Amino acid sequence: MNEKLKVKIGNTEFATPVIAASGTFGFGIEYADIVNLDDFGAIVTKGLSLLPKEGNPPPRIVETPCGLINSIGLANPGTDEFIKNYEETYRVFPTHVIVNVGAETENEFLSVIKKIEHMNILGYELNISCPNVETGGMMFSEDPNTAFALVKKVRKATEKLLITKLSPNFCNIRELARASEDAGSDAISLVNTFLGMSIDIETGYSRIGKPFGGFSGPAIKPMALKMVYEAARTVNIPVIGMGGINSGSDAIEFFMAGASMIQVGSAIFRNPQIAFDINNFIEQYLDRKGLSNVSEIIGTFKGSKNE
Amino acid sequence: MNEKLKVKIGNTEFATPVIAASGTFGFGIEYADIVNLDDFGAIVTKGLSLLPKEGNPPPRIVETPCGLINSIGLANPGTDEFIKNYEETYRVFPTHVIVNVGAETENEFLSVIKKIEHMNILGYELNISCPNVETGGMMFSEDPNTAFALVKKVRKATEKLLITKLSPNFCNIRELARASEDAGSDAISLVNTFLGMSIDIETGYSRIGKPFGGFSGPAIKPMALKMVYEAARTVNIPVIGMGGINSGSDAIEFFMAGASMIQVGSAIFRNPQIAFDINNFIEQYLDRKGLSNVSEIIGTFKGSKNE
Amino acid sequence: MKRIKSRVLNNKPLSPDLYLIEFTSMGVENEILPGNFINIEINKNLDPFLRRPFSIFDTSEGTISVLYRIVGKGTELMKNLKTGEYIDFIGPLGNAYPAPESDEFIFVAGGTGIASVHYMLKAVKKNFPESKRILFWGAKNRHEIVLKEQIENLCSEVVFTTEDGSLGNKGLVTDFIKTNPNSVIYACGPTPMLKSVYEKTKMNKSYFSFEERMACGVGVCLGCAIMTKSGKYKYVCKDGPVFEGSEIFG
Amino acid sequence: MKRIKSRVLNNKPLSPDLYLIEFTSMGVENEILPGNFINIEINKNLDPFLRRPFSIFDTSEGTISVLYRIVGKGTELMKNLKTGEYIDFIGPLGNAYPAPESDEFIFVAGGTGIASVHYMLKAVKKNFPESKRILFWGAKNRHEIVLKEQIENLCSEVVFTTEDGSLGNKGLVTDFIKTNPNSVIYACGPTPMLKSVYEKTKMNKSYFSFEERMACGVGVCLGCAIMTKSGKYKYVCKDGPVFEGSEIFG
Ligand SMILES: Cc1cc2nc3c(=O)[nH]c(=O)nc-3n(C[C@H](O)[C@H](O)[C@H](O)COP(=O)(O)OP(=O)(O)OC[C@H]3O[C@@H](n4cnc5c(N)ncnc54)[C@H](O)[C@@H]3O)c2cc1C
Ligand SMILES: Cc1cc2nc3c(=O)[nH]c(=O)nc-3n(C[C@H](O)[C@H](O)[C@H](O)COP(=O)(O)OP(=O)(O)OC[C@H]3O[C@@H](n4cnc5c(N)ncnc54)[C@H](O)[C@@H]3O)c2cc1C
Ligand SMILES: Cc1cc2nc3c(=O)[nH]c(=O)nc-3n(C[C@H](O)[C@H](O)[C@H](O)COP(=O)(O)O)c2cc1C
Ligand SMILES: Cc1cc2nc3c(=O)[nH]c(=O)nc-3n(C[C@H](O)[C@H](O)[C@H](O)COP(=O)(O)O)c2cc1C
Ligand code: FES
Ligand code: FES
């Protein structure tokens, strides 16, 4: 990988700032036939809970203009099965693995982490924002104090990289970001999915298995970018930006808005090789601009031309 | 117009539940060459302020996937010029006219209304949510108490139809909706535009004349629908739903979610005759379902099939 | 599984709603097993955003073909693809129809289910040329019975059923199914049809190909869940699309 | 202003980036004045979402043609439109080039600005057949000088300028403009070009056609603001696209 793409968070080096987002790249091996895993600086696993979760009733996916609503419901094999299946796999893995932990209580978060702490993983992304489970992490997003308490406890439990993933569905993005920083996160990531709804007008029922779901894809990019910008202005730790990124150009917008790294989610479904394409685009962009590292564009958004 | 499309808010009858949204249909005459104005149950004017407003520096529009971000900045001729230009026009107008008032202070709201109260207009839509003016109405949306105080005063100043238009950029949609109802609104309308951002990666500047703008169009529909649903569950007054509506089928989703009427905004730019198309679709839908009026589908969303 | 940037060779209507598209496959046809599907990116712009999954109707050296019905915005775009234009597909995806030895195979196809059934019919004919192959083919009307001779040639017997009676029996294809105790059943079509096939063939080995809304097609999004008899979800794109009848309906 | 569901008659490349598309106009061509534009819905799906504005290059009985450059996703789609396919346009929109009497008219075209200039050239030739009509035509390179003879035939004189010098002068078109005190100036091209034309022709009556990003094209969205010398905004789609040079730059 080109040196120009190398970035650091704390002491960790990433070969590229492009990460696969949770829930859109499985546990990292499903696409291996067609994706060079080291095109990603890291992959984030599907959200992991202590016990196995079957997930929500189908349909779980509905497409909307330039986006999709999902109602997966944090389906996952649970921590024990996860360890059994992936402990060996991750011992020699072409890129960093970050485990997305999607739990419902402080204790569950801590138990999951305790169980997998020995694995060869880079760290954790705490999903305090999943819209798809009833009692789910969302409550941690509603109140910065609750989020603070959770992150603080997790911080004590691990020295690995700790990322807190924020929900866009509450107005206090800046407060949440600050609470996550104050409690000791190494970085924050945002946005998780927006709450969205779609109705089948023939039946009157939701088009997914729950009344609402999580909305993602290119459609959400303008809002996600705005929120990443707000978060990056608020905290001093690195911000990992995502939400609708579908091209190298989108990625650069997020860097300019203040993201130190970016994640690609839904766009992977369409273009599994998107990390390759984004890396390429960034390289060429940096060359064209005479820059020597992607970090030089972080936070360079200049606001409006008229001010 | 077909009887099946007739709806009522309070004592006012509308020939169809389809309204032209503020800022997307000018003052009602610009499209008259190609649009039968009575295809709309009402038109909402561009936001009106007391004094003329020049608006924001260009570019004022940028397209995003399935949507657009605008930075118009409430450009409008001001109340005196408005009266001069449209008093006669509205005296005989093929449909109801609702004036969108976009002011910055309680006093300004009251002054505008006082000046135009004598005109042949159906009522007002209070824009307490414009994202495009610095000190703008947005502050009224941040705090339900401020919104309550404003609406209460306006309510005393007019007996015409009073609609409060809510912003989706704050988490308290339900509180805002309730405050608007309690203060005496005849109806609420939502959503106004979401805050969005777009960066020109060649220059590092915003692609519009301000760092952020208002995001609208089909992209936002899943979120708008969810918010309309929440609002309609919260209040007993009619809810006027909007946000990304681009077809008859979209409109019916909003009715099912609880909207008594709907507004079409950005979609007008693409299809100025959309009210005709939506009316047609609703008529056929009602026929097919054996229903005799559109109001029979309001709030008929059944949630998820599995619950 | 490969990702192929392919070129359209041929795209033609077979009936008002059904089209057959053939495109270059760059050798990937050799990896394909009956039952597999591919996930197609139809357009360059972002509406529709997701790929669209289609069964493989047929392959030949260097080509794949798909039989598809126009139902929405993706297939509307697909129908306008001209010879020489690009599409991008990922595949082959999913599992395959198992092929236990037998002397009688029953095929049940509803609507575009004929695509997946056709490819399996070819394979069975090739591997068990002496076998009896009876196809129960259901469609809305006679216009939807497309490529009739070509498919009849693969079978010992074909029983047609149309909803309007315009060809063969009138009614639902499942009303006319007859099986022997040792026949192996393959079926592809709408889920209610599959359920009804299962009810009538409980004593047989049966393999059904299912559809579910998909985002990824490879098992990462967990979008295509299907409830199994055991109360656990499986995933149509990865554990399927082919399941034993008893696993889902048993 | 009408909304026309039109059919493509012809759509062909004139250079690697420039295309000429001709489509049916259902009589609306009789309402069109030089300087007017139309707003085209290119695709049925929602990406791109907005219509795209284009100057009218030419009309004939029952047809309109547009000369366009491929710059983004809308024009990429446009270039693939085949004869017989539908497009939907609204027009004519905007104001027209005024046509004061004169014996010398200077036309300045940069890039696709030639489209709007061409239509005005035709009108001036028709109305003032005896007039002197000098066209200063600038382009990136000689490939972008398209329909050369056809346009030369409308002029008394054409001065070509290309950025790479591959045809005519090398440099910027505005470096070579010459005018007389009584010449009337018409110009269409990038705003910096128009500004430079203004600087060189301050003493003349000049009419410039501007571009700005548009959502509606009819004056309702207030998206296409252009700052005038007086410190007030005007709207390119409604007050323009043609403004007197002095109104904007004066
Ligand atoms: C494994 C698999 C194999 C398939 N093989 C074929 C095939 O060989 N030929 C063929 O014509 N079709 C096949 N399909 C179905 C095909 O994928 C859909 O018809 C197609 O995606 C519709 O796209 P669209 O954009 O035209 O419709 P959309 O606009 O997306 O949808 C139109 C309507 O169809 C419904 N719909 C869309 N996709 C699905 C789906 N996957 N399952 C159920 N309902 C859906 C929508 O809810 C909507 O009501 C297959 C599906 C799967 C999962
Ligand atoms: C009144 C008027 C008349 C026009 N006449 C012609 C003509 O005759 N021939 C022709 O080729 N083009 C003309 N244009 C420009 C044409 O509208 C744009 O090139 C077209 O909309 C681009 O669409 P796209 O989807 O291909 O590009 P997009 O993907 O939308 O954009 C590609 C790039 O072009 C920029 N861009 C897009 N639209 C505009 C615009 N209106 N002004 C400035 N920059 C823009 C974008 O910011 C982006 O960088 C005219 C524009 C106006 C306003
Ligand atoms: C199908 C699907 C499943 C997801 N699952 C998870 C998850 O388990 N944990 C999590 O934190 N985020 C999850 N997400 C959210 C994504 O990681 C990402 O935050 C969001 O989709 C926005 O990015 P995008 O627009 O690039 O997809 C999921 C998203 C999708 C589409
Ligand atoms: C160009 C533009 C101008 C707008 N101006 C106003 C306005 O003056 N007052 C107001 O209340 N809303 C204004 N809006 C918001 C719309 O009325 C509507 O609430 C919003 O666009 C969402 O609906 P849509 O997705 O159908 O466009 C404007 C929207 C657009 C796109
Ligand atoms: S479609 Fe994504 S898991 Fe099956
Ligand atoms: S484009 Fe809408 S006012 Fe000009």
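Proteins get letters first, then strands, A, B, ... in listed order; numbering begins at 1 in each. Treat the numbers as computed from the prediction; the structure is a model and nothing was measured.
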* To do: Assess whether atom CZ of A:F93 is packed by more than 12 heavy atoms of other residues, nucleotides or ligands within 6.0 Å.
  => yes
* Asked: Does a sphere of radius 6.0 Å around CE in C:M227 hold more than 12 heavy atoms from other residues, nucleotides or ligands, not counting ones at 6.0 Å or beyond?
  -> yes
* With a 4.5 angstrom heavy-atom cut-off, could you sort out which part of A:P57 is near chain C: side chain, backbone, both or neither? => both
* List in chain and number order the residues that pass side-chain contact (heavy atoms from CB on, under 4.5 Å) with A:P94, two or more places apart in sequence or in another chain; answer none if no residue qualifies. => A:L37, A:D38
* How long is the span from the CZ atom in A:F25 to the SG atom in C:C221, to the nearest 0.5 Å? -> 13.5 Å
* **Leading residue by heavy atom contact count with chain A [cutoff under 4.5 Å; candidates C:G217, C:C224, C:A215, C:G231]** => C:A215
* Asked: If you count heavy-atom pairs under 4.5 Å with chain A, which of C:L50, C:L46, C:V218, C:V220 comes out on top?
  -> C:V220
Show the pairs of one donor and one acceptor atom, one from chain A and one from chain C, lying under 3.5 Å apart.
{"from": "A:D33", "atom 1": "OD2", "to": "C:M1", "atom 2": "N", "distance (Å)": "3.3"}
{"from": "A:E54", "atom 1": "OE1", "to": "C:Y233", "atom 2": "N", "distance (Å)": "2.7"}
{"from": "A:R60", "atom 1": "NH1", "to": "C:L222", "atom 2": "O", "distance (Å)": "2.9"}
{"from": "A:R60", "atom 1": "NH1", "to": "C:Y235", "atom 2": "OH", "distance (Å)": "2.9"}
{"from": "A:I61", "atom 1": "O", "to": "C:R213", "atom 2": "NH1", "distance (Å)": "2.8"}
{"from": "A:E63", "atom 1": "OE1", "to": "C:L50", "atom 2": "N", "distance (Å)": "2.9"}
{"from": "A:E63", "atom 1": "OE1", "to": "C:R52", "atom 2": "NH1", "distance (Å)": "2.8"}
{"from": "A:E63", "atom 1": "OE2", "to": "C:F49", "atom 2": "N", "distance (Å)": "3.4"}
{"from": "A:E63", "atom 1": "OE2", "to": "C:R52", "atom 2": "NH2", "distance (Å)": "3.3"}
{"from": "A:R270", "atom 1": "O", "to": "C:R51", "atom 2": "NE", "distance (Å)": "2.6"}
{"from": "A:R270", "atom 1": "O", "to": "C:R51", "atom 2": "NH2", "distance (Å)": "2.7"}
{"from": "A:R270", "atom 1": "NH1", "to": "C:N45", "atom 2": "O", "distance (Å)": "3.4"}
{"from": "A:R270", "atom 1": "NH1", "to": "C:P48", "atom 2": "O", "distance (Å)": "3.1"}
{"from": "A:R270", "atom 1": "NH1", "to": "C:F49", "atom 2": "O", "distance (Å)": "2.9"}
{"from": "A:R270", "atom 1": "NH2", "to": "C:N43", "atom 2": "O", "distance (Å)": "2.5"}
{"from": "A:R270", "atom 1": "NH2", "to": "C:K44", "atom 2": "O", "distance (Å)": "3.4"}
{"from": "A:R270", "atom 1": "NH2", "to": "C:N45", "atom 2": "O", "distance (Å)": "3.0"}
{"from": "A:N271", "atom 1": "OD1", "to": "C:R3", "atom 2": "NH1", "distance (Å)": "2.6"}
{"from": "A:Q273", "atom 1": "OE1", "to": "C:R3", "atom 2": "NH1", "distance (Å)": "2.7"}

